[in-house]
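Report on the structure given below.
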Amino acid sequence: MRQGKGFAHGKIILIGEHSVVYGKPAIAVPFPSTKITALVSEANTEITIDCLFYRGLLKKMPELLASLHKAIDLTLELLNKEMPLSIKIESSIPAERGMGSSAAVSVATIRAIFDYYETPLSYKQLLDIVAESEKIAHGNPSGLDALMTSSTTPYFFIKNEVCEPITLNMEAVLIVADTGQTGKTKQAVADVASQMRSPETQKFIQVLGEYSQEAKNYLENNQPDKLGDVMTQAHTLLQKLNVSNESLDHLVSVSLANGALGAKLTGGGRGGCMIALAKNITDAKHISKQLKAQGAKQTWLYEMSELNEQP
Ligand code: PMV
């Protein structure tokens, strides 16, 4: 039986979330531990979906998956196809945790449908469709999630510009910790937008962009102490933008109290995940243990150099 396959993975924003929506740079890495596979095959009468959140007809899919629905509709429209399909999606990306799960599910599904029809998919076509589907998930997406969930390398990303892949030259360990709470990206992005008339908010966005510029230099020149500082300062500004929450702040404090070089929330915020930077694996294991003892549901540890190339 003919089958189409598509893949995507999670992403971690090292710095620049929210300010990236306003044209400031952000740095993100593909997150190898979390993956999505979509499989497309022939169906009898209608398009069906089988994923963790829903099993049934596409036309009856719940509102929660509206962005995926949009991605499928736009893909079939572009391909000019109306045939019934069975779409099966398997994901290890925790949903709504700041890892780009909504973009990743669209990326994997679009790739699988194109593969099923044996039609080449350009990168521009992929990013354009995900940009539309992400408007439903995020309101005003920067495009960072679409790029990072489909890319194999870290990026210095600026909205609507040709972006630069970067190589992390850093001896340090990244800890990712999940608060276990769902993030509220769409709400947080909308709330920042509603504050944008304030000169103070504009200043915060400006400075967050400057931190991303500095972070690029530190990442490329093995300066983990300085990167750590700038991460923690970015967290303070994200708190001021009101996109953090108690759990994220708590895990950031626990990391810093246990020897992290820096720590911050990652992604949309108000739940989801945080990241911390440790000097070495011994420190990272200690911090990770403390984070779990203080409420983190799950942690992942990575040597920074491991994040340069998605396997
Ligand atoms: O919460 P996530 O993984 O979807 O990341 C959102 C990142 C933001 O900068 C807050 C929004 C965006 O579109 O870039």
Side-chain angles (χ1 to χ4, degrees), residues 1-12 20 28-32 34-43 46-54 58-59 61 65-93 95 99-138 141-166 308-311:
M1 190 169 68
R2 193 158 120 203
Q3 196 176 55
K5 269 192 192 171
F7 301 99
H9 48 76
K11 65 99 214 317
I12 295 292
V20 70
V29 295
F31 191 46
T34 55
K35 292 189 194 307
I36 291 198
T37 307
L39 296 176
V40 171
S41 54
E42 200 183 312
E46 298 203 42
I47 302 180
T48 61
I49 303 289
D50 180 353
C51 69
L52 188 63
F53 301 101
Y54 176 71
L58 174 69
K59 66 182 183 202
M61 196 151 74
L65 297 170
S67 62
L68 173 63
H69 199 156
K70 182 82 181 174
I72 295 170
D73 286 349
L74 290 175
T75 305
L76 293 173
E77 207 178 289
L78 189 66
L79 288 164
N80 202 11
K81 303 281 185 196
E82 279 182 1
M83 269 157 63
L85 296 174
S86 148
I87 302 175
K88 189 169 164 42
I89 298 164
E90 276 176 12
S91 173
S92 63
I93 308 181
M99 291 187 183
S101 61
S102 62
V105 74
S106 293
V107 166
T109 306
I110 297 162
R111 282 177 164 166
I113 298 174
F114 268 82
D115 187 47
Y116 178 80
Y117 287 114
E118 295 172 350
T119 306
L121 167 67
S122 75
Y123 213 36
K124 182 173 179 328
Q125 284 172 322
L126 175 69
L127 296 185
D128 284 351
I129 299 173
V130 184
E132 287 306 310
S133 68
E134 281 287 278
K135 278 185 193 160
I136 296 174
H138 276 192
S142 65
L144 175 65
D145 283 6
L147 176 71
M148 291 314 303
T149 56
S150 55
S151 139
T152 56
T153 54
Y155 264 93
F156 183 76
F157 175 92
I158 301 177
K159 186 177 177 176
N160 298 332
E161 286 192 13
V162 176
C163 297
E164 215 186 302
I166 60 168
N308 274 322
E309 189 69 48
Q310 168 76 19

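Counting begins at 1 with the first residue of the sequence. Not measured: the values here are computed from a predicted model.
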Verdict with supporting geometry, Ile87 and Leu39, side-chain contact (heavy atoms from CB on, under 4.5 Å): CA-CA 6 Å; Ile87 302 175; Leu39 296 176; over 6 Å; no
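- The shortest non-hydrogen separation linking Pro141 to Ala131 is CG-O, 3.9 Å.
- Taking 4.5 Å as the limit, every side-chain heavy atom of Gln3 sits out of range of all side-chain heavy atoms of Val40.
- Here the side chains of Ile93 and Lys35 are not in contact, with every heavy-atom distance at 4.5 Å or above.
- Taking CD1 of Ile110 as the reference point, atom CG of Leu126 lies at 5.5 Å (rounded to 0.5 Å).
- Side-chain contact annotation: Ser102 with Glu134, donor-acceptor N/O pair under 3.5 Å present.
- Proximity of Ser101 to Thr149: side-chain heavy atoms (C-beta onward) are nowhere separated by under 4.5 Å.
- For the residue pair Thr153 and Glu309, the shortest heavy atom distance occurs at CG2-OE1, 3.8 Å.
- One distance of note links CD1 of Ile113 with CE of Met83; it measures 11.5 Å at 0.5 Å rounding.
- Remark: the Ser92 side chain and the Thr34 side chain contain no N/O donor-acceptor pair separated by less than 3.5 Å.
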- request: Please lay out, stage by stage, how Ile89 and Thr37 fare under the test side-chain contact (heavy atoms from CB on, under 4.5 Å).
  value: CA-CA 6 Å; Ile89 298 164; Thr37 307; over 6 Å; no
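- For the atom pair OG of Ser142 and CG of Asn160, the computed distance is 9.5 Å after rounding to the nearest 0.5 Å.
- Residues Ser91 and Leu52 fail the side-chain proximity criterion, which asks for heavy atoms closer than 4.5 Å.
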Donor-acceptor pairs are to be reported for all side-chain atoms of residues 5-12 against protein atoms at under 3.5 Å, with residues two or more places apart or in another chain.
residue: His9; atom: NE2; partner: Ser151; partner atom: O; Å: 2.7
residue: Lys11; atom: NZ; partner: Gly98; partner atom: O; Å: 3.4
residue: Lys11; atom: NZ; partner: Asp145; partner atom: OD1; Å: 2.7

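- Between Thr109 and Thr75, the closest side-chain pair of non-hydrogen atoms is not below 4.5 Å.
- Using a 4.5 Å heavy-atom threshold, the side chains of Met148 and Pro30 count as touching.
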- request: Report the C-alpha distance between Glu46 and Lys59 in whole Å, list the side-chain angles of each, state the deciding distance to 0.1 Å, and finish with yes or no for salt bridge (charged side-chain N to carboxylate O under 4.0 Å, His left out).
  value: CA-CA 9 Å; Glu46 298 203 42; Lys59 66 182 183 202; 3.1 Å; yes
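- Checked against ring-ring contact (aromatic ring centres under 6.0 Å, His included), Tyr116 has no partners two or more places apart in sequence or in another chain.
- Between the side chain of Thr119 and the backbone N or O of Tyr117 there is at least one donor-acceptor pair closer than 3.5 Å.
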message: Quick one, Leu147 with Tyr123, criterion side-chain contact (heavy atoms from CB on, under 4.5 Å). Give me CA distance, side-chain angles, the key distance, then yes/no.
response: CA-CA 9 Å; Leu147 176 71; Tyr123 213 36; 3.7 Å; yes
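- Minimum interatomic distance between Cys163 and Phe156 (heavy atoms only, all atoms of both residues): CB-O, 3.7 Å.
- When side chains are defined from C-beta on, Ile49 counts as touching Ile72, because their heavy atoms get closer than 4.5 Å.
- Rounded to the nearest 0.5 angstrom, Lys70 NZ and Leu65 CG are separated by 15.5 Å.
- Residues Ser86 and Thr48 approach most closely at CA-OG1, 3.5 Å, considering heavy atoms.
- For the pair Asp115 and Gly4, the tightest heavy-atom approach, listed with the atom from each and the gap, is OD2-CA, 3.3 Å.
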message: Does Phe114 form a side-chain contact (heavy atoms from CB on, under 4.5 Å) with Leu78? I'd like the steps, not just the answer.
response: CA-CA 10 Å; Phe114 268 82; Leu78 189 66; 3.8 Å; yes
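- With sequence neighbours excluded, the residues satisfying salt bridge (charged side-chain N to carboxylate O under 4.0 Å, His left out) with Lys88 are Asp50, Glu90.
- Between the side chain of Gln125 and the backbone N or O of Ser122, at least one donor-acceptor pair lies under 3.5 Å.
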Chi angles and distances behind the side chain to side chain donor-acceptor pair (under 3.5 Å) call for Ser106, Ser133: CA-CA 7 Å; Ser106 293; Ser133 68; 3.3 Å; yes
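- Under a 3.5 Å cut-off, the side chain of Ser150 and the backbone N or O of Val107 do not form any donor-acceptor pair.
- The two residues Ile136 and Ser67 make their nearest non-hydrogen contact at CG2-N, 3.9 Å.
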